[in-house]
Amino acid sequence: MIQSLSAENSLSYLDENYKRVTSEIEEAAIRAGRSPEEIRLMAVTKTVDPLRINRMISLGADLIGENKVQELLSKLEFLDKENAEMHIIGHLQSNKVRKVISTVSMIQSVDSVSLAKEISRQAVMNELTMDCLLEVNIGGEDSKSGISPDDLFELSSEITELPGIRLRGLMCIPPVCDSEGAVRKYFEQTRRLFEDMRSKLYNKEEITVLSMGMSSDFVPAVLEGSTLVRVGSALFGERQY
Ligand SMILES: *Cc1c(COP(=O)(O)O)cnc(C)c1O
């Protein structure tokens with residue numbers, strides 16, 4: 001009993017972090033003249049154990065993001081899946097799609113037509129529709145996956161034709177910037193691409209998700225129109241690999 005009480009107490013920093021992050025999102029939304037309900041908080045759980053993840057879920061975090069299929073699957077049986085949705089946010093190899101197709105509600109990191117085709121194939125086989133975001137390499141960095149802004153329209157048109165896939169919007173990870181102004185430019189560019197995509201694709205009512213902003217930059221991301229922020233270390237503390 002004493003032990004479980006102290007284990008509980010040792011997780012109370014998560015409560016503080018959750019409160020702080022949600023109120024910062026709210027303040028940023030209000031500053032931008034937006035309704036705080038327009039912005040969804042994802043708790044990014046790479047390297048975080050199920051005990052801490054479940055504590056975060058109990059506080060109200062109803063969306064979990066994992067980068068790696070293997071890591072997600074190894075935690076899955078311990079997670080409070082009743083109360084949280086899960087998304088894949090990291091580079092996904094086509095041969096791993098079948099392992100997550102019935103577990104996650106969205107794949108945010110679609111970066112090629114061949115990956116989209118495999119998602120489509122597996123979704124159809126499993127008689128479901130998978131929500132997807134296209135990952136845009138907004139800074140044109142060689143080190144990052146994601147599609148080039150120049151290819152966005154062609155690829156998104158092609159992907160919306162596939163059965164079993166519902167294209168919902170864009171995700172980006174901007175380059176590391178040394179000022180808030182610099183990172184805001186990338187978020188602004190991504191929002192423009194998002195709006196452009198909405199105006200050109202026939203399924204525009206479905207294009208509603210703009211996933212941008214992490215621990216260090218979710219405030220400028222919200223100011224620039226993000227509808228989903230992906231926050232790891234500001235919620236769980238520094239990652240220990
Ligand atoms: C790790 C990760 C995050 C969260 O990063 P923090 O800086 O810890 O908030 C968000 N998005 C993606 C794609 C990630 O890999």
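Worth knowing before you read on, the calculation uses all heavy atoms, side chains too, and leaves out hydrogens, waters and symmetry mates. Counting starts at 1 for both ligands and their atoms, in listed order.
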With heavy-atom distances below 4.0 Å as the criterion, list the atoms of ligand 1 near [X].
{"X": "Gly232", "value": "4 (C), 6 (P), 8 (O), 9 (O)"}
{"X": "Arg230", "value": "4 (C), 9 (O), 10 (C), 11 (N), 12 (C), 13 (C)"}
{"X": "Ile173", "value": "13 (C)"}
{"X": "Val231", "value": "9 (O)"}
{"X": "Asn67", "value": "14 (C), 15 (O)"}
{"X": "Ile89", "value": "11 (N), 12 (C), 13 (C), 14 (C)"}
{"X": "Ser215", "value": "6 (P), 7 (O), 8 (O), 9 (O)"}

For the [atom1] atom of [X] and the [atom2] atom of [Y], what is their distance to the nearest 0.5 Å?
{"X": "Arg34", "Y": "Leu223", "atom1": "CZ", "atom2": "CG", "result": "9.0 Å"}
{"X": "Cys132", "Y": "Leu170", "atom1": "SG", "atom2": "CG", "result": "12.5 Å"}
{"X": "Asp49", "Y": "Leu79", "atom1": "CG", "atom2": "CG", "result": "10.0 Å"}

Determine whether a donor-acceptor pair (N or O, by modelled atom type, separation under 3.5 Å) exists between the side chain of Thr129 and the backbone of Ile165. no

If only side-chain N and O atoms count, and only distance matters, is there a donor-acceptor pair under 3.5 Å linking [Y] with [X]?
{"X": "Thr227", "Y": "Arg40", "value": "no"}
{"X": "Ser233", "Y": "Glu238", "value": "no"}
{"X": "Arg168", "Y": "Thr208", "value": "yes"}

Is the shortest N/O to N/O distance between Ser233 and ligand 1 below 3.5 Å?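 Among all N and O atoms of Ser233, at least one is under 3.5 Å from an N or O of ligand 1.
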
Atom 10 (C) of ligand 1 - nearest protein heavy atom and its distance: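 I find the closest protein heavy atom is Met214 SD, 3.2 Å.
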
Starting from atom 2 (C) of ligand 1, what is the nearest protein heavy atom, named by residue and atom, and what distance separates them?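 Checking every protein heavy atom, the shortest distance to atom 2 (C) of ligand 1 gives Lys46 NZ, 2.5 Å.
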
So which of Leu41, Leu59, Leu235 actually passes side chain to side chain contact (heavy atoms under 4.5 Å, CB included) with Thr22? Leu41

Check each heavy atom of Arg239 against ligand 1 and say whether those closer than 4.0 Å belong to the side chain, the backbone, both or neither. side chain

